**Student:** 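Before I ask anything, let me first share the structure, which is written out below as structure tokens.
One is the number of the first residue; the rest follow in order along the sequence. The structure presented is a predicted model; accordingly, all values stated were derived computationally and were not measured.
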Amino acid sequence: MTRLRALLPLLLLLGCVPTVPVSVASAPLSAADKTVAQAYIRESLRDPDGARFRREEGFRTSQGDTIICGEYNATNGFGGYVGYSTYYIRLRDGLVDAAQFGNSFGAIGCRDARAGTIEVPA
């Protein structure tokens, strides 16, 4: 336990990455980008075929990245749906560069995209 306490500050510093703000504007969402985002989320689910998606919207950053925000619903171990959660996926050159889903960070990323500015790694 003492070793863990000694390493904790170092581990917290390793997670710090300098970021820069970039502007974001609403943009049409292509079918290809939507497919990439949905496939990325499905890969992490227990029942990929049971995933449902809704309220998907697209954004474009000043750096040329695509941001996809939406909601997904997945089944639990008993086969029942657990309720919709927000997801945030940033694509760079058609590949997933950042993703947040299954936690509150997806909602924060989408809120910031809608507001017109997000923070990305420098």
**Student:** How many angstroms lie between CD1 in I108 and OG1 in T86, if you round to the nearest 0.5 Å?
**Tutor:** 10.5 Å

**Student:** Using every non-hydrogen atom in the two residues, find where Y40 and A99 come nearest and quote the distance to one decimal.
**Tutor:** CE2-CB, 3.4 Å

**Student:** Distance from R111 atom CZ to S104 atom OG, nearest 0.5 Å?
**Tutor:** 10.0 Å

**Student:** Are the side chain of D97 and the backbone N or O of L91 linked by a donor-acceptor pair below 3.5 Å?
**Tutor:**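 Judged by distance alone, no pair lies under 3.5 Å.
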
**Student:** Can you find a side-chain donor-acceptor pair between Y87 and E56 that sits under 3.5 Å?
**Tutor:**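 Checked: Y87/E56 side chains pair up, N/O donor to acceptor below 3.5 Å.
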
**Student:** Relative to the ring of Y72, is the ring of F53 parallel (under 30°), tilted (30 to 60°) or perpendicular (over 60°)?
**Tutor:** tilted

**Student:** What pair of heavy atoms forms the shortest contact from G77 to R46, and how long is it?
**Tutor:** CA-NH1, 3.0 Å

**Student:** Output yes when a side-chain donor or acceptor of Y88 lies under 3.5 Å from a complementary backbone atom of A98, and no otherwise.
**Tutor:** no

**Student:** Any chance CZ of R54 has more than 12 other-residue heavy atoms, nucleotides or ligands included, within less than 6.0 Å?
**Tutor:**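 More than 12 within 6.0 Å, yes.
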
**Student:** Output the distance between atom CD1 (I118) and atom CD1 (I67), rounded to the nearest 0.5 Å.
**Tutor:**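 The distance works out to 3.5 Å.
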
**Student:** With rounding to the nearest 0.5 Å, note down the distance linking CD in Q63 to OG in S23.
**Tutor:**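 Answer rounded to 0.5 Å: 9.0 Å.
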
**Student:** Decide yes or no for V120 and V20: does some side-chain heavy atom of the first lie under 4.5 Å from some side-chain heavy atom of the second?
**Tutor:** yes

**Student:** Quick one: pull up CD in E57 and CD in E71 and give me the separation to the nearest 0.5 Å.
**Tutor:**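 E57 atom CD to E71 atom CD measures 9.5 Å (nearest 0.5 Å).
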
**Student:** Do the side chains of V24 and I89 join up, straight or via other hydrophobic residues, at under 4.5 Å, putting them in one cluster?
**Tutor:** no

**Student:** Please find the pair of heavy atoms, one from R42 and one from P48, that lie closest to each other, and give the distance.
**Tutor:**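 That closest heavy-atom pairing would be NH1-O, 2.8 Å.
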
**Student:** With the 4.5 Å side-chain cut-off for hydrophobic clustering, are F101 and V96 part of the same group?
**Tutor:** yes

**Student:** Can you name the nearest heavy-atom pair linking G83 to N73, along with the distance?
**Tutor:** N-OD1, 2.9 Å

**Student:** Just by distance, with hydrogens left out, do R60 and T66 show a side-chain donor and acceptor under 3.5 Å apart?
**Tutor:**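 Yes, T66 and R60 have a side-chain donor paired with an acceptor closer than 3.5 Å.
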
**Student:** What distance do D112 atom CG and C69 atom SG have between them, rounded to the nearest 0.5 Å?
**Tutor:** 9.5 Å

**Student:** CZ of F105: more than 12 outside heavy atoms within 6.0 angstrom?
**Tutor:** no

**Student:** Could you report the tightest heavy-atom contact between D65 and R92, atom names first, then the distance?
**Tutor:**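 Closest pair (atom of D65, atom of R92, distance): OD2-NH2, 2.6 Å.
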
